[in-house]
Amino acid sequence: MATATAPAKSMPQIVALCKRRGFVFPASEIYGGINGFWDFGPLGTQLKNNLRDAWWRDMVHSPPSGPDGQPLEIVGLDSSIIQNPRVWEASGHVSGFSDPMADCRACKARFRADDLIGVELIFPDVPEPNKRNFLICGVGTPEEVLETNTKKIQKLQGANGPYERLSSHHVFSELNEEGRAEFSCPNCGEKGHLTEPREFKLMFETYVGAVRDEESKTYLRPETAQGIFLNYKNVLDTMRVKLPFGIAQIGKAFRNEVTPRNFIYRSREFEQMEMEWFCRPADAPKWFAFWQERRLTWWRSMGLGAENLRVRPHGADELSHYARGGSGTVDIEYRFPFTDPDFAELEGIAHRTDFDLKAHQTQAGIKLEYFDQEHNARYLPHVVEPAAGLTRGVLAVLCEAYTPDPARPSKVYMRFHPKLAPIQAAVFPLVAKDGMPEVAGKLYRELRGRFTCRLDIKQSIGKRYARMDEAGTPYCFTVDGQTLSDQSVTVRHRDTAAQERIGIDHVTDFLAQRIKG
RNA sequence: GCGGGUGUAGCUCAGUGGUAGAGCGUCACGUUGCCAACGUGAAUGUCGACGGUUCGAGCCCGUUCACCCGCUCCA
């Protein structure tokens with residue numbers, strides 16, 4: 001790989017460029033910011049819109065052909081961020097989305113209180129009044145806890161003889177204060193230093209209407225997917241769709257993350273691009289494989305390097321509550337500068353089975369079954385879900401594009417795919433005289449209707465090229481003295497700084513050709 | 001939530017208790033016929049915020065907020 005010798009990409013420098021050039025600003029910055037929220041500046045907004053529109057086009061307007069060569073059918077949706085709170089009870093988010101955590105005051109370790117258990121041991125050979133039970137504490141199953149504490153148990157046996165194990169174990173999160181005091185920290189071994197479990201509520205709560213009581217409490221959606229399941233029947237009834245088909249949605253989602261980190265990678269307000277693919281249960285594995293391959297290809301077509309992308313299947317223990325019992329989940333991961341050499345999730349493709357439709361059918365009491373005329377059968381479709389992070393996608397595109405180059409004046413340029421670049425073209429007069437600004441202005445007015453375009457007349461030509469390098473503008477067209485005599489302009493290519501000369505009449509075609517692919 | 005680090009102009013940073021600084025960028029004018037050129041001039045700061053110590057705080061102390069790193073977490 002040629003990248004082996006490329007200078008490492010530094011996250012602080014990428015963040016600085018994003019601020020300097022108007023891609024991403026800290027949210028509420030003049031008030032000191034707010035943890036986990038970011039604003040997109042003019043260029044960042046355009047970049048995000050371009051990525052979003054590309055997804056919509058490639059999913060809804062012109063989805064890929066299926067394995068049999070037939071075009072797939074996917075329709076769009078835009079559901080409400082706030083839904084009836086029962087939605088989130090049915091979906092499992094109210095119960096599954098808050099984790100009780102306990103901290104050790106002595107060593108500062110943190111544990112999931114429902115994973116933390118204690119196994120009680122009895123030593124029958126010890127005579128009264130010294131006879132007492134010992135509690136072996138740890139994380140995992142009782143067997144695992146005994147396994148990890150073998151040495152301690154051997155020591156106890158040495159002093160007290162053989163032991164018996166109480167059949168039921170204690171779960172830390174279910175104990176009262178007295179019970180918790182008997183627990184020792186699995187990390188440092190100190191007894192009685194674990195805090196009472198505290199709930200980490202990962203869903204933002206809000207209240208609908210003027211009266212603020214439990215009745216009016218609801219949530220900001222933690223995923224866009226549920227809005228799709230809620231409208232599945234509406235779409236079936238109105239759109240003449242037949243299985244298999246998809247419903248796609250792009251929108252904001254909110255999670256009260258414990259630790260927002262890594263710039264816009266894990267923020268509390270973010271955007272998702274989700275598509276729920278409804279199919280026959282028997283076909284789900286086939287579609288699961290199909291979408292994995294298509295989605296990986298799509299990210300590559302957005303300019304992400306193959307060497308920075310990978311597909312990683314989830315282990316059985318990390319599957320979401322809705323994805324157990326299906327073909328599983330895979331993540332499409334990107335090698336971000338802050339994870340390098342490791343990777344982090346960009347998109348998850350999950351076989352959600354009929355978990356959600358079944359849950360809503362039961363909870364809402366509305367039949368959501370599909371009548372399959374071809375097979376003369378009635379069933380709940382299975383769902384394969386490619387769920388991509390738009391915000392994360394923007395970050396991946398920014399990181400991929402960021403290219404240090406000590407040889408050029410800007411020292412860095414943003415190598416966006418031309419179709420994603422927030423500014424696709426710039427028009428300059430070489431100098432601001434002899435009628436060049438007028439010709440450049442005319443060209444600019446022609447281009448701006450079709451492309452995102454900038455006209456810059458001020459300052460030296462080198463400065464203007466340098467600015468466009470940091471903005472990631474792929475093509476700069478310069479009107480010079482020769483233009484006035486032969487109607488040609490120079491095209492300056494961002495990635496090579498090389499120039500060629502084309503007719504001023506061909507600029508539109510030149511751009512259209514390169515920005516389409 | 002814990003530990004460590006950072007916070008001074010748009011950016012990068014200097015400034016160890018005594019008048020708020022530099023480079024770059026930005027803007028204006030001139031010059032300039034292809035890569036942040038040059039000349040002249042200009043704007044820009046509650047020194048992250050609040051409180052304390054002090055005659056006096058960007059600097060010392062406390063609190064707090066944000067960002068970075070590590071833990072923890074990430075349905």
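Throughout, a chain's letter reflects where its sequence line sits, starting with A, and its residues are numbered from 1.
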**Item:** Sidechain N-carboxylate O distance under 4.0 Å for Arg352(A), Glu274(A)
**Value:**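 Between Glu274(A) and Arg352(A) there is no salt bridge, as every charged N stays at least 4.0 Å from the carboxylate O atoms.
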**Asked** Thinking salt bridges, do Lys217(A) and Glu214(A) make one under a 4.0 Å N-O criterion?
**Response**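 Looking at Glu214(A) together with Lys217(A), the answer is yes, because their closest N to O distance falls below 4.0 Å.
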Opposite nucleotide pairing with [N], Watson-Crick or G-U, both atom distances under 3.5 Å:
N: rC27(B); value: rG41(B)
N: rA36(B); value: none
N: rC60(B); value: rG52(B)
N: rG3(B); value: rC69(B)

Does the side chain of [X] get closer than 4.0 angstrom to OP1 or OP2 of [N] through an N or O atom?
X: Asn35(A); N: rC67(B); result: yes
X: Gln459(A); N: rC27(B); result: yes
X: Lys458(A); N: rA28(B); result: yes
X: Lys19(A); N: rC11(B); result: yes
X: Lys433(A); N: rU32(B); result: yes

**Distance, rounded to the nearest Å, where Phe25(A) contributes CZ and rA66(B) contributes C1'** = 17 Å
**Complete:** Which of Arg415(A), Met11(A), Gln13(A) passes side chain to side chain contact (heavy atoms under 4.5 Å, CB included) with Tyr402(A)? Answer is Gln13(A)
**Item:** Geometric cation-pi criterion, Arg408(A) with Tyr413(A): 6.0 Å, 45°
**Value:** yes
**Message:** Under 4.0 Å, counting only non-hydrogen atoms across every strand here, what does Asp469(A) touch: a base, just sugar-phosphate, or nothing?
**Reply:**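 Nothing: the residue Asp469(A), judged by heavy atoms under 4.0 Å, touches no strand.
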**Prompt:** In residues 485-497 of chain A, which residues come under 4.0 Å of RNA chain B by heavy atom?
**Reply:** Thr490(A), Arg492(A), Ala497(A)
**Asked** Is a donor-acceptor contact shorter than 3.5 angstrom present between the side chain of Gln499(A) and the base of rC34(B)?
**Response** yes
**Prompt:** How close do Ala90(A) and Ala359(A) get, heavy atom to heavy atom, and via which atoms?
**Reply:** O-CB, 3.4 Å
